[in-house]
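Residue numbers start at 1 and run along the sequence shown. Below, each value reflects all heavy atoms present in this structure, side chains not excepted, and no hydrogens, waters or symmetry copies.
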Amino acid sequence: QVQLVESGGGLVQAGGALSLSCAASGRPCTSYAWVRQAPGKEREFVAAVSRNGIIRNYADSVKGRFSISRDNAKDTVYLQMNSLKPEDTALYYCAASDYGSASRRTTLYDYWGQGTQVTVSS
């Protein structure tokens with residue numbers, strides 16, 4: 001079984017930065033991702049990283065502002081978010097998959113954390 005626990009969300013002004021962490025336990029997966037969901041909207045892919053941390057994919061909306069990384073020794077995935085915008089406000093989930101490598105397809109992810117709230121004020 002795989003368990004994921006997110007931390008690091010909070011309230012920040014537009015233009016600010018936040019760093020999210022996702023501590024994983026259990027067996028390693030091949031792909032890890034951050035997925036967000038704003039009120040009244042569907043879940044949206046944000047970023048993904050392969051198990052070895054080499055392959056990284058980003059949604060166009062966050063490319064150049066967000067950076068995903070993985071520390072294998074700590075079994076933790078990070079999301080560094082810079083130049084935050086009000087439209088980045090959402091509940092951010094960490095997810096893991098046994099399929100693919102840094103996949104953008106949220107339907108491939110079988111394991112999900114409880115989410116951490118990110119709120120960006122204008």
Least distance between heavy atoms, Ser103 atom then Leu108 atom: OG-CD1, 3.3 Å

Heavy-atom side-chain proximity of Glu87 to Val120 below 4.5 angstrom: no

Under the salt bridge (Lys or Arg N to Asp or Glu O under 4.0 Å) test, residues paired with Asp75 that sit two or more places apart: Arg70

Rounded distance [0.5 Å steps], CD in Gln117 versus CG in Leu11: 9.5 Å

Between CZ on residue Arg43 and OG1 on residue Thr107, distance to nearest 0.5 Å: 12.0 Å

Least distance between heavy atoms, Ala102 atom then Ile55 atom: CB-O, 3.5 Å

Within-4.5 Å side-chain heavy-atom neighbours: Tyr32 and Ile68: no

Set of residues satisfying salt bridge (Lys or Arg N to Asp or Glu O under 4.0 Å) with respect to Lys85, sequence neighbours excluded: none

Donor-acceptor contact below 3.5 Å, side chain Ser97 vs main chain Cys29: no

Side-chain touch Leu20/Glu6, heavy atoms, less than 4.5 angstrom: no

Side chains of Tyr58 and Arg65 in contact at under 4.5 Å (non-hydrogen atoms): no

Sequence neighbours excluded - salt bridge (Lys or Arg N to Asp or Glu O under 4.0 Å) pairs with any residue from residues 9-36: Arg27-Asp98, Arg36-Glu44, Arg36-Asp88

Cluster check Phe66, Phe45: I/L/V/M/F/W/Y, side chain < 4.5 angstrom: no

Single-linkage hydrophobic cluster, 4.5 Å side-chain cutoff, Leu91 and Val35 together: yes

SG on Cys94 to CG on Leu79, rounded to 0.5 Å: 9.5 Å

Residues, nucleotides or ligands: over 12 heavy atoms within 6.0 Å of Lys63 NZ: yes

ILVMFWY network linking Val12 to Val46, side-chain heavy atoms under 4.5 angstrom: yes

Flag if over 12 foreign heavy atoms under 6.0 Å of CZ, Arg56: yes

Within 6.0 angstrom of Gln37 CD, more than 12 heavy atoms from elsewhere: yes

Tyr93 vs Leu4 side-chain heavy atoms within contact, under 4.5 Å: no

Heavy-atom side-chain proximity of Tyr109 to Ser31 below 4.5 angstrom: yes

Nearest-0.5 Å distance that lies between atom OG1 in Thr116 and atom CH2 in Trp34: 7.0 Å

Side chains of Tyr78 and Cys22 in contact at under 4.5 Å (non-hydrogen atoms): no

Atom of Asn82, atom of Ala17 and distance for their closest heavy-atom approach: OD1-CB, 3.4 Å

